[in-house]
Amino acid sequence: MKRLLSLILFFLSITCMLAFIVACSPEDENTDPNIPDTVSGNDVTDNSVEELPEISDDPVEEQPEDNTVDNTVEADPEITEETPDPVEEQVENSEPEDETVDNSVEEYHEEVRLEAIPLKIVDEEPDWNADYNKPKVDLEDIVPGLVAQNVYVGHDGWMFYGGTIKDYTEECTYSDNRLNFLSKKLIERLNFCEENGIKLYFVVTPNKNSVYPEYMATEGVEMAENRTLDVILNYLSENTELNVIDCRDGLFAAKEQYPDENLYYKLDTHWNNHGGFAAYTQIMDVISKDFPNAVTYTRDDYQIDYFDSYMKDEAYYLGWYDTITEQGPVYTLKNRLTATMTYRKDSGPYGEFIHAYIHENGYRDKTDYCTFENPNVADAPSVYVIRDSFGIALVPFITDSFSEATFNWTLGFNKDDILNKKPDIVIMQVVERSLADFFNQATFK
């Protein structure tokens, strides 16, 4: 019995010792799988942002992986990878500034833009029953080389007056006697002007194909080497003291300077206002040497707009007038110091001129006779212009440059009217194709 009690007490003591050991031993942290491994993990070290004083300012350097560190870096623009280079930032910022300046300039020009006078009657309804809208040739047949209704069709839609083909292709057949007779008529006019204290200038405006021969280059249609225009002008230069202005020089210069701008209408035999301004510039270069007080404006002095043009006589003759359209330039003087019409008379418009816009002062491109005054340039000389249809594109520029201007659409030379107007200058303007008709005026009117 004593032995049994001893064994029981022995086991109890052993059990108590084991329980005491278990109760006193520390809890093992690694037994919880949800607690990170403090040896292999980076979380504790990475979370201590204040312990990273050695971070470089170099934006190329690799950033720490920890989110906390990344947030700190993004908050500091000096160390982030996405911080733009100062030079690149300056360039990028300068672009919207430039755009702002450009936009303000465009808005400024839009605000001060002047009202321009159109070429064609505004909102005019086409008369489809009119003869000029009844096709004489099928549209698909209007191809290079076609000659119909006195119209010659060149390349790229350019049309030429058929009456100028002879001037373009034929050699001059004038004898010396004929040339001498022609020059005498001009000498008589020159002497009349000199006797009355008037300066005379003889202005010759070229045919369209003399300026744009490249659009005439179809087989069998080539420019002659010894044309009538060149023969007459050379003879006058060698045998008279007349001031001759051959406008080809000014037109060729403008053609080279502004290659993208047509100087003549493609659908009309006449030059447009680009061509007229080129001729005006050349004319004023000559006149200003004799009259320094004549006002000469430059291209920058004008606002240039484009409107549908009524000037398309070649399409008119072919019966496609309102079907085929073309725009033309209009020059408006920016300072608005323009002349005022004081008198006009005409026999009424005809042909394509019935579609020309009528100015508020009564001027219309088909005005046979008109006078202007420009008090804005009162010190400038006065001028009397004998002209033909090519004078249409000269009228707005000449009226701006002279104190008084008279325009007489005629081939004649009205001595009485010239003396009555007492101009400082007489300009005789004639187109190349009318040279023969011009010289055939037998006597002064």
Side-chain angles (χ1 to χ4, degrees), residues 146-154 158-174 178-179 181-183 185-186 201-218 221-236 244-252 255 262-272 275-276 278-279 282-283 311-318 350-353 365-366 368 385-394 408-413 427-441:
L146 172 70
V147 180
Q149 303 296 313
N150 212 15
V151 175
Y152 170 83
V153 180
W158 284 70
M159 299 182 185
F160 300 85
Y161 175 47
T164 65
I165 303 299
K166 181 178 179 180
D167 299 326
Y168 184 80
T169 60
E170 293 187 5
E171 302 284 338
C172 179
T173 58
Y174 282 3
R178 176 63 172 163
L179 293 170
F181 174 76
L182 298 177
S183 66
K185 290 190 174 183
L186 282 178
Y201 301 90
F202 184 50
V203 176
V204 179
T205 56
N207 293 339
K208 181 177 176 180
N209 45 27
S210 291
V211 179
Y212 288 99
E214 62 269 30
Y215 296 109
M216 291 283 293
T218 54
V221 183
E222 299 178 354
M223 183 184 290
E225 295 182 1
N226 196 36
R227 297 191 301 144
T228 299
L229 172 64
D230 294 316
V231 171
I232 291 177
L233 295 186
N234 290 337
Y235 189 90
L236 293 176
V244 179
I245 301 176
D246 180 359
C247 289
R248 283 179 297 181
D249 295 335
L251 290 165
F252 286 142
K255 183 181 176 182
N262 295 335
L263 305 178
Y264 287 68
Y265 291 105
K266 295 177 69 174
L267 302 176
D268 196 278
T269 188
H270 299 94
W271 56 19
N272 57 30
Q282 182 183 355
I283 293 169
M311 298 191 77
K312 39 186 178 175
D313 55 8
E314 307 307 280
Y316 185 100
Y317 301 140
L318 291 175
Y350 56 83
E352 64 178 342
F353 294 106
D365 282 348
K366 180 61 183 79
D368 295 330
V385 183
I386 298 169
R387 55 99 171 195
D388 54 31
S389 59
F390 273 71
I392 291 173
L394 293 175
N408 194 353
W409 192 327
T410 179
L411 292 176
F413 192 88
I427 294 175
M428 292 189 302
Q429 174 269 313
V430 61
V431 67
E432 174 186 349
R433 65 173 184 258
S434 296
L435 276 173
D437 294 333
F438 182 84
F439 286 119
N440 284 335
Q441 295 293 307

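As the structure is a computational prediction, the values presented were derived from the model and not from experiment. When reading the values below, keep in mind they use all heavy atoms of this one structure, side chains included, and skip hydrogens, waters and symmetry mates.
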Between [X] and [Y], is any pair of side-chain heavy atoms under 4.5 Å apart?
| X | Y | result |
| --- | --- | --- |
| Tyr264 | Asn262 | no |
| Tyr201 | Ile283 | no |
| Trp158 | Asn209 | no |
| Leu179 | Val231 | yes |
| Phe353 | Ile392 | yes |
| Tyr168 | Asn207 | no |
| Trp271 | Leu394 | yes |

Is there a donor-acceptor pair closer than 3.5 Å between any side-chain N or O of [X] and the backbone N or O of [Y]?
| X | Y | answer |
| --- | --- | --- |
| Lys312 | Glu352 | no |
| Asp388 | Phe390 | yes |
| Lys208 | Asp268 | yes |
| Asp313 | Thr269 | yes |
| Gln149 | Leu318 | no |
| Gln282 | Asp246 | yes |

Closest non-hydrogen atom pair between [X] and [Y], with its separation:
| X | Y | value |
| --- | --- | --- |
| Leu251 | Gly275 | CD2-O, 3.5 Å |
| Gly250 | Ala278 | O-CB, 3.8 Å |
| His270 | Ser389 | NE2-OG, 2.7 Å |
| Glu432 | Ser210 | OE1-OG, 2.8 Å |
| Gly391 | Gln429 | N-OE1, 3.4 Å |
| Ser183 | Tyr235 | OG-CE2, 3.7 Å |

Starting at CE of Met216, measure out to CD of Glu222 and round the result to the nearest 0.5 Å.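 It is 10.5 Å, given to the nearest 0.5 Å.
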Could you tell me the separation between the CG atom of Leu263 and the CG atom of Asn272, rounded to the nearest 0.5 Å?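 Atom-to-atom, Leu263:CG and Asn272:CG are 6.5 Å apart.
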Arg248/Asp230 ion pair, N-O < 4.0 Å: yes
Got a salt bridge between Glu214 and Lys255, using NZ or NE/NH1/NH2 to carboxylate O under 4.0 Å?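 Yes, charged N to carboxylate O under 4.0 Å.
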Got more than 12 heavy atoms from elsewhere within 6.0 Å of CD, Glu225?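 Not buried by this count: 12 neighbours or fewer within 6.0 Å.
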Any cation-pi pair here, Lys266 with Tyr215, using under 6.0 Å and within 45°? no
May I have the step-by-step check of side chain to side chain contact (heavy atoms under 4.5 Å, CB included) for Thr228 and Tyr174, ending in yes or no? CA-CA 8 Å; Thr228 299; Tyr174 282 3; 4.1 Å; yes
Give the intermediate values and the outcome of side chain to side chain contact (heavy atoms under 4.5 Å, CB included) for residues Leu435 and Leu229. CA-CA 8 Å; Leu435 276 173; Leu229 172 64; 3.9 Å; yes
Which residue in the set Val430, Val431, Ile245 passes side-chain contact (heavy atoms from CB on, under 4.5 Å) when paired with Thr205?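 Output: one option passes, namely Val431.
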So among Val221, Leu146, Thr164, which one has a side-chain contact (heavy atoms from CB on, under 4.5 Å) with Tyr152?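 Testing each of Val221, Leu146, Thr164 against Tyr152, the sole residue satisfying side-chain contact (heavy atoms from CB on, under 4.5 Å) is Val221.
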Working for side chain to side chain contact (heavy atoms under 4.5 Å, CB included), residues Lys366 and Tyr350: CA-CA 8 Å; Lys366 180 61 183 79; Tyr350 56 83; 3.1 Å; yes
